[in-house]
K.L.:
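Once you've had a glance at the structure underneath, I'll fire off some questions.
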Amino acid sequence: MASRTLSRVTKALLAPALALGVTVGLASAPASAAVWSSCDQWGNTSLNGYTLYNNIWGGGAGAQCIWANSGTNWGVNANHPNTGGIKSYPNAKKVVNKSITSLGSLNSSYNVTVPSSGSYNTSYDVWDTDHDYEIMLWVNYNGAVGALGSYQERVSVGGHTWDVYKGRAQRSDGTYWDVFSFLRTSDSTSGSVQILPVLKWLKDTKRWMGNETIGDVQFGFEITSSSGGLDFRANSMSITSS
């Protein structure tokens, strides 16, 4: 993963100002009718308790359109050039707003269809409310992508075995946030993840963070390149908490 100087969250907050001067491209939504679709850089909507984002945030991006039949059945067609750097992170987000110790559970399931070419990962992106910590869980990845920071160890937690990386990313104002990336040791296009044990491992076992309040959990496709136009589909997914 290339070093990030401005987070996806920060860029989304700046969307109204940035979108005025942006031309995203000429990709089109699927021919079949969807409940919602958008080719706008910051296109978003709320469906069934989830917020969907097209979220084209990286430099040098090409065209990308998102469509959705529901908050848990959606996809994108992306045509980003074969150059370095993350171009986009189209995703579905569920708000949690609970501290780690007050959560009884935080679970998710996923079933995706991803291309055999291109450079991308399919990942969860978990943020605390202050955006001091970002926890990424990669369930599959392809091409020229890599985690931010340095390799730490291999751990089995949350129902999967992961290679763990730890790094820091910088915002445009010079401040930093910590990034913990968990890369599944074998690719998976369907399954379930127990996210709360991962958070407790970071908090209690490694003591890399405290009793943070988890703001939201995102699930989507972090795309570096998809030259020629590639389809990414979340056939079904869910994020639940108690």
K.L.:
Quick one: CD1 on Ile195 to NZ on Lys200, what's the gap to the nearest 0.5 Å?
P.N.:
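So the gap between those two atoms works out to 13.5 Å.
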K.L.:
Please find the pair of heavy atoms, one from Leu52 and one from Ala92, that lie closest to each other, and give the distance.
P.N.:
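Heavy atoms of Leu52 and Ala92 come nearest at CD2-CB, 3.6 Å.
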K.L.:
Please check if the number of heavy atoms outside Tyr176 that lie under 6.0 Å from its OH is greater than 12.
P.N.:
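Open.
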K.L.:
Just grab all the salt bridge (Lys or Arg N to Asp or Glu O under 4.0 Å) pairs involving residues 93-107, residues at least two apart or on different chains.
P.N.:
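Non-adjacent pairs meeting salt bridge (Lys or Arg N to Asp or Glu O under 4.0 Å): zero.
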K.L.:
Aromatic rings Tyr151 and Tyr165: how do their planes relate, parallel, tilted or perpendicular, breaks at 30° and 60°?
P.N.:
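Rings of Tyr151 and Tyr165: perpendicular, as their planes differ by over 60°.
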K.L.:
Would you mind telling me which of Cys39, Ser38, Pro90 makes a side-chain contact (heavy atoms from CB on, under 4.5 Å) with Gln64?
P.N.:
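Testing each of Cys39, Ser38, Pro90 against Gln64, the sole residue satisfying side-chain contact (heavy atoms from CB on, under 4.5 Å) is Pro90.
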K.L.:
When you look at NZ of Lys203, are more than 12 heavy atoms from neighbouring residues, nucleotides or ligands closer to it than 6.0 Å?
P.N.:
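Buried by this count: over 12 neighbours within 6.0 Å.
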K.L.:
Which atom pair, heavy atoms only, marks the closest approach of Pro81 to Ala61?
P.N.:
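Closest pair (atom of Pro81, atom of Ala61, distance): CD-C, 4.2 Å.
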K.L.:
Any side-chain donor paired with an acceptor under 3.5 Å for Glu222 and Ser123?
P.N.:
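No pair is found: no donor N or O on one side chain lies under 3.5 Å from an acceptor on the other.
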K.L.:
Say whether, by atom type as modelled, one donor and one acceptor occur between the side chain of Asn79 and the main chain of Gly62 under 3.5 angstrom.
P.N.:
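No.
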K.L.:
What distance do Asn91 atom CG and Tyr53 atom OH have between them, rounded to the nearest 0.5 Å?
P.N.:
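Nearest 0.5 Å value for the CG-OH distance: 7.5 Å.
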K.L.:
Relative to the ring of His160, is the ring of Tyr110 parallel (under 30°), tilted (30 to 60°) or perpendicular (over 60°)?
P.N.:
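Tilted, since the angle between the ring planes falls between 30° and 60°.
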K.L.:
Once rounded to the nearest 0.5 Å, what's the spacing between atom CH2 of Trp177 and atom CH2 of Trp127?
P.N.:
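CH2 of Trp127 is found 5.0 Å from CH2 of Trp177.
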K.L.:
Between Ser236 and Thr72, do the side chains contain a donor N or O and an acceptor N or O under 3.5 Å apart?
P.N.:
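Checked: Thr72/Ser236 side chains show no N/O donor-acceptor pair below 3.5 Å.
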K.L.:
Considering non-hydrogen atoms only, spot the tightest contact between Thr161 and Ser156 and give its length.
P.N.:
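Answer, listing the atom of Thr161 first, then Ser156: OG1-OG, 2.8 Å.
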K.L.:
To the nearest 0.5 angstrom, please state how far the CD atom of Gln194 sits from the CG atom of Asn107.
P.N.:
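The distance works out to 5.5 Å.
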K.L.:
Testing the 3.5 Å rule here: is there a donor-acceptor pair between the side chains of Asn235 and Thr113?
P.N.:
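Asn235 vs Thr113: donor-acceptor pair found between side chains.
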K.L.:
Working to the nearest 0.5 Å, report the span between CD1 of Ile214 and OH of Tyr133.
P.N.:
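If we round to the nearest 0.5 Å, Ile214:CD1 and Tyr133:OH are 10.5 Å apart.
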K.L.:
State plainly whether one hydrophobic cluster holds both Val35 and Val76, where clusters connect Ile, Leu, Val, Met, Phe, Trp and Tyr through side-chain heavy atoms under 4.5 angstrom apart.
P.N.:
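The answer is yes; both residues are in one hydrophobic cluster.
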K.L.:
Apply side-chain contact (heavy atoms from CB on, under 4.5 Å) to Thr122 and list each qualifying residue two or more places apart in sequence or on a separate chain.
P.N.:
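Per chain and number, Thr122 pairs via side-chain contact (heavy atoms from CB on, under 4.5 Å) with Val112, Val114, Tyr120, Val139, Asn140, Phe219, Phe221.
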K.L.:
Does Gly118 offer a backbone N or O that forms a donor-acceptor pair with the side chain of Asn142 under 3.5 Å?
P.N.:
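Yes; at least one donor-acceptor contact below 3.5 Å.
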K.L.:
Can you confirm whether the side chains of Ser227 and Asn82 place a donor and an acceptor under 3.5 Å from each other?
P.N.:
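There is no such pair (donor and acceptor under 3.5 Å, judged by atom type) between the side chains of Ser227 and Asn82.
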K.L.:
Does the ring center of Phe182 lie less than 6.0 Å from the ring center of Trp201?
P.N.:
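Centroid separation for Phe182 and Trp201: below 6.0 Å.
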K.L.:
Give me the atom names and distance for the closest heavy-atom approach of Ala169 to Val179.
P.N.:
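That would be CB-CG2, 4.1 Å.
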K.L.:
Nearest 0.5 Å please: distance from the CD1 atom of Ile223 over to the CG atom of Leu230.
P.N.:
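Between atom CD1 of Ile223 and atom CG of Leu230 there are 8.0 Å.
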